[in-house]
Amino acid sequence: MATDVPFGWRRSGLGDSYEETPPGALVAVTRYYYGTRDKTWVNVSQQLIIYKNTEWAAEAYREELASFNPSWLVPADLSFSGRADDLYIACIPARINGIKVRSCEVVGRYEDTLSILLANVFEEQWLTMPDFRRVLEGMDTRVAASVAETEQP
């Protein structure tokens, strides 16, 4: 949500992107936020995939984790447990246009829903680790509430 990202960030003008649904999924949608107009790599995105059942979501979670390699590190400065049934956070150090960045991915399974949060996190500008934590906390709260809401009779 716009209230989670730092002031001045904006949602993609293209709106949400509906993706081809993976096997066992009912819907897949991605939302993007950008921190600058001219640096598209200053961004945060979240993909939500709702599966037919918990088993399909659990399998998709395991497959997503299998895509990480040893270069991805669990950030020591970001401890977070959240409300997800399964949650994995990892970042990979990189440089974009000579600027140090950590490209971070958070994979969370909330019953039948998979959330994949991606962000480029910087030391002192655009999106810092405390900013990313705020985004992560907001995402976790909303996804967990949404899943709980769909369980109501």
Side-chain angles (χ1 to χ4, degrees), residues 1-7 9-35 40-94 96 101-122 126-153:
M1 299 290 292
T3 54
D4 299 328
V5 293
F7 180 76
W9 280 59
R10 69 193 189 297
R11 190 168 157 196
S12 169
L14 302 175
D16 295 337
S17 169
Y18 287 85
E19 314 291 333
E20 183 177 324
T21 54
L26 301 172
V27 66
V29 62
T30 304
R31 178 172 286 182
Y32 299 89
Y33 284 89
Y34 294 95
T40 57
W41 40 270
V42 178
N43 66 63
V44 172
S45 68
Q46 180 188 14
Q47 183 178 35
L48 280 174
I49 308 166
I50 301 173
Y51 286 88
K52 295 176 183 176
N53 56 46
T54 301
E55 291 76 25
W56 279 97
E59 179 59 28
Y61 176 84
R62 286 188 294 275
E63 288 177 12
E64 188 67 24
L65 263 54
S67 70
F68 289 94
N69 66 46
S71 298
W72 287 83
L73 308 170
V74 176
D77 53 344
L78 182 66
S79 61
F80 185 81
S81 57
R83 296 167 183 85
D85 297 303
D86 297 301
L87 186 73
Y88 185 73
I89 304 171
C91 300
I92 189 166
I96 301 175
V101 61
R102 287 192 278 179
S103 291
C104 297
E105 181 172 344
V106 179
V107 183
R109 185 187 62 82
Y110 300 77
E111 296 184 18
D112 64 350
T113 301
L114 192 67
S115 172
I116 303 172
L117 181 66
L118 302 168
N120 285 327
V121 181
F122 303 86
W126 299 309
L127 186 78
T128 63
M129 194 55 77
D131 295 330
F132 181 59
R133 182 181 182 84
R134 192 170 46 255
V135 171
L136 173 57
E137 289 169 347
M139 177 278 304
D140 180 67
T141 299
R142 275 187 292 286
V143 175
S146 176
V147 168
E149 186 177 291
T150 59
E151 295 175 349
Q152 301 299 318

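Residues D77 and R102 meet the side-chain proximity criterion, which asks for heavy atoms closer than 4.5 Å. In this structure, the side chains of V107 and Y61 come closer than 4.5 Å at one or more pairs of heavy atoms. With a 4.5 Å cut-off on side-chain heavy atoms, F68 and E105 count as touching. The shortest side-chain heavy-atom distance between Q46 and V143 falls under the 4.5 Å cut-off. A heavy-atom distance below 4.5 Å is not found between the side chains of C91 and V121. For the pair D112/K52, no side-chain contact is recorded, criterion being any heavy-atom separation below 4.5 Å from C-beta on. Side-chain contact check for V42 versus L127: every heavy-atom pair is 4.5 Å or farther apart. Within the 4.5 Å cutoff, no side-chain heavy atoms of D4 are placed close to those of V44.
The line from CG of L114 to CD of E64 is 6.5 Å long, rounded to the nearest 0.5 Å. The distance from atom CD1 of I92 to atom CG of L73, rounded to the nearest 0.5 Å, is 7.5 Å. Here the straight-line distance linking atom CG of D131 with atom CG of L136 works out to 12.5 Å at 0.5 Å rounding. Taken to the nearest 0.5 Å, the CG atom of D86 stands 8.5 Å off from the CG atom of L65. Note that CZ of R31 is 12.0 Å distant from OG of S45, once rounded to the nearest 0.5 Å. Within the model, atoms CG of L118 and CD of Q47 stand 8.0 Å from one another, a figure rounded to the nearest 0.5 Å.
Residues R62 and E59 are paired through a salt bridge, judged by an N-O separation under 4.0 Å between the basic side chain and the carboxylate.
S12 approaches Y34 most closely through the heavy-atom pair CB-CE1, 3.8 Å. Looking at every heavy atom in both residues, S81 comes nearest to L87 through O-CD2, 3.4 Å. Pairing each heavy atom of R109 with each of T54, the nearest pair is NH1-CG2, 3.2 Å. Scanning all heavy atoms of the two residues, the minimum distance from T21 to A28 falls at CG2-N, 3.8 Å. Across all non-hydrogen atoms, the minimal contact from A25 to I49 is CB-CG2, 3.6 Å. Closest approach of S71 to N69, counting heavy atoms only: N-OD1, 2.7 Å.
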Apply side-chain contact (heavy atoms from CB on, under 4.5 Å) to residues N43 and Y32 and explain how you reach the verdict. CA-CA 7 Å; N43 66 63; Y32 299 89; 5.6 Å; no
Trace of the side-chain contact (heavy atoms from CB on, under 4.5 Å) decision for F80 with V106: CA-CA 10 Å; F80 185 81; V106 179; over 6 Å; no
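For R133 (side chain) and T128 (main-chain N/O), no donor-acceptor pair under 3.5 Å exists by modelled atom type. Side-chain atoms of S146 never come within 3.5 Å of backbone atoms of R142 as a donor-acceptor pair (strictly under, hydrogens ignored).
A side-chain donor-acceptor contact under 3.5 Å links S103 and N120.
Using cut-offs of 30° and 60° on the angle between ring planes, the pair F122 and W126 is perpendicular.
Surrounding CH2 of W56 are at most 12 heavy atoms belonging to other residues, nucleotides or ligands under 6.0 Å away.
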